[in-house]
**Student:** 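Questions regarding the structure given below will be posed in turn.
Quick note: residue numbers are just sequence positions, from 1.
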Amino acid sequence: MSVAVDGPDFVALQVRDVEAAAAFCERHLGLRRSPASPPHAVVFDTAPIPFAVRELFPDTDLADAARPGLGVVLWFRTPDAQQLHDRLVAAGITILTPMAESPFGPMFSFEGPEGYRLTAHGG
């Protein structure tokens with residue numbers, strides 16, 4: 001019998017400034033910190049998959065990256081994509097992909113902490 005993976009069960013973005021990235025997630029996305037985080041990261045109380053921002057791994061240098069996470073698509077579910085979109089626009093957050101319909105409901109992409117492309121969807 002072979003062993004299989006169930007699927008992702010933790011997602012973290014590597015960032016240069018953990019506190020600034022965590023503040024972005026709290027202020028603009030409404031995420032709440034988990035009661036426990038390791039010293040090098042901030043873990044948020046998200047479901048069904050925990051999400052965190054963490055210090056860079058020692059062998060990671062984002063200085064030459066055109067956009068961190070290039071090639072990775074990270075989607076966040078929200079009860080109201082349009083309201084989140086409007087709130088981010090009002091806060092001056094760069095919208096990278098305009099609001100559009102998708103198989104998962106209305107969606108759009110925006111520039112998250114340190115230039116990561118993040119997508120929000122939901123209705």
Side-chain angles (χ1 to χ4, degrees):
M1 178 177 208
S2 65
V3 175
V5 173
D6 291 335
D9 72 347
F10 188 80
V11 174
L13 298 179
Q14 294 182 68
V15 295
R16 293 178 207 94
D17 187 335
V18 172
E19 278 306 316
F24 178 99
C25 292
E26 290 171 312
R27 181 174 38 254
H28 299 297
L29 305 181
L31 298 182
R32 292 180 314 271
R33 292 178 188 226
S34 176
S37 291
H40 62 276
V42 172
V43 178
F44 295 98
D45 188 16
T46 56
I49 298 172
F51 170 73
V53 291
R54 60 154 294 137
E55 292 175 357
L56 300 174
F57 288 120
D59 61 347
T60 301
D61 181 6
L62 296 179
D64 294 332
R67 178 177 298 277
L70 188 61
V72 174
V73 181
L74 183 57
W75 288 51
F76 288 86
R77 184 180 57 242
T78 178
D80 191 329
Q82 186 65 56
Q83 183 180 14
L84 178 61
H85 174 275
D86 296 347
R87 190 171 75 218
L88 293 175
V89 168
I93 304 302
T94 302
I95 303 300
L96 301 170
T97 305
M99 185 69 71
E101 283 301 316
S102 80
F104 309 105
M107 57 78 64
F108 68 98
S109 296
F110 60 97
E111 188 172 290
E114 299 193 13
Y116 280 95
R117 175 185 292 265
L118 303 178
T119 298
H121 71 95

**Student:** What are the two closest heavy atoms between F44 and C25, and how far apart are they?
**Tutor:** CZ-CB, 3.6 Å
**Student:** Please examine the side chains of P106 and Q82, heavy atoms only from C-beta on, and report whether any two atoms are closer than 4.5 Å.
**Tutor:**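 SC-SC contact between Q82 and P106 ruled out.
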**Student:** For a quick test of reading the model, state the closest non-hydrogen atom pair linking F10 to A52 and the distance between them.
**Tutor:** CZ-CB, 3.6 Å
**Student:** Check whether any side-chain heavy atom of E111 lies under 4.5 Å from a side-chain heavy atom of R67, and answer yes or no.
**Tutor:**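 A side-chain contact exists here, since the closest heavy-atom pair is under 4.5 Å.
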**Student:** Decide if atom CZ of R77 counts as having more than 12 heavy atoms of other residues, nucleotides or ligands within a radius under 6.0 Å.
**Tutor:** no
**Student:** Say whether F110 and M107 are linked into one hydrophobic cluster, either directly or through other cluster members, by side-chain heavy-atom distances under 4.5 angstrom.
**Tutor:**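 Different clusters.
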**Student:** Please give me the minimum heavy-atom distance between I49 and P8, naming the atom from each residue.
**Tutor:**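 Closest pair (atom of I49, atom of P8, distance): CD1-O, 3.7 Å.
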**Student:** With clusters defined by side-chain heavy atoms of hydrophobic residues (ILVMFWY) lying less than 4.5 Å apart, directly or transitively, does V11 cluster with V43?
**Tutor:** no
**Student:** With heavy-atom distances below 4.5 Å as the criterion, would you say the side chains of S102 and W75 are in contact?
**Tutor:** yes
**Student:** Would you give me the side-chain donor-acceptor pairs under 3.5 Å for residues 112-122, sequence neighbours excluded?
**Tutor:**
residue : atom : partner : partner atom : Å
E114    : OE1  : R16     : N            : 2.8
E114    : OE1  : R16     : NH1          : 3.4
E114    : OE2  : R16     : N            : 2.9
E114    : OE2  : D17     : N            : 2.8
Y116    : OH   : Q14     : N            : 3.4
Y116    : OH   : Q14     : O            : 2.6
R117    : NH1  : T97     : OG1          : 3.1
T119    : OG1  : S109    : OG           : 2.7
H121    : ND1  : F104    : O            : 3.2

**Student:** Please give me the minimum heavy-atom distance between A12 and R54, naming the atom from each residue.
**Tutor:**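 Residues A12 and R54, closest heavy atoms: CB-CG, 4.1 Å.
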**Student:** Let me confirm one number: the CG-CD1 distance from L84 to I93, rounded to the nearest 0.5 Å.
**Tutor:** 10.0 Å
**Student:** Do H85 and I95 come close enough that some side-chain heavy atom pair is under 4.5 Å?
**Tutor:** yes
**Student:** Output side-chain donor-acceptor pairs under 3.5 Å for residues 28-36, partner residues at least two apart or in another chain, one line each.
**Tutor:**
residue : atom : partner : partner atom : Å
R33     : NE   : E26     : OE2          : 2.8
R33     : NH2  : E19     : OE1          : 2.9

**Student:** Taking the side chain as every heavy atom from C-beta outward, state whether L96 and T94 have any pair of such atoms under 4.5 Å apart.
**Tutor:** yes
**Student:** Would V72 and F57 show up in the same hydrophobic cluster when neighbours are defined by side-chain heavy atoms closer than 4.5 Å?
**Tutor:**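 The answer is no; the residues belong to distinct hydrophobic clusters.
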**Student:** Please check if the distance between the ring centroids of F76 and F51 is under 6.0 Å.
**Tutor:**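 Under 6.0 Å, so yes.
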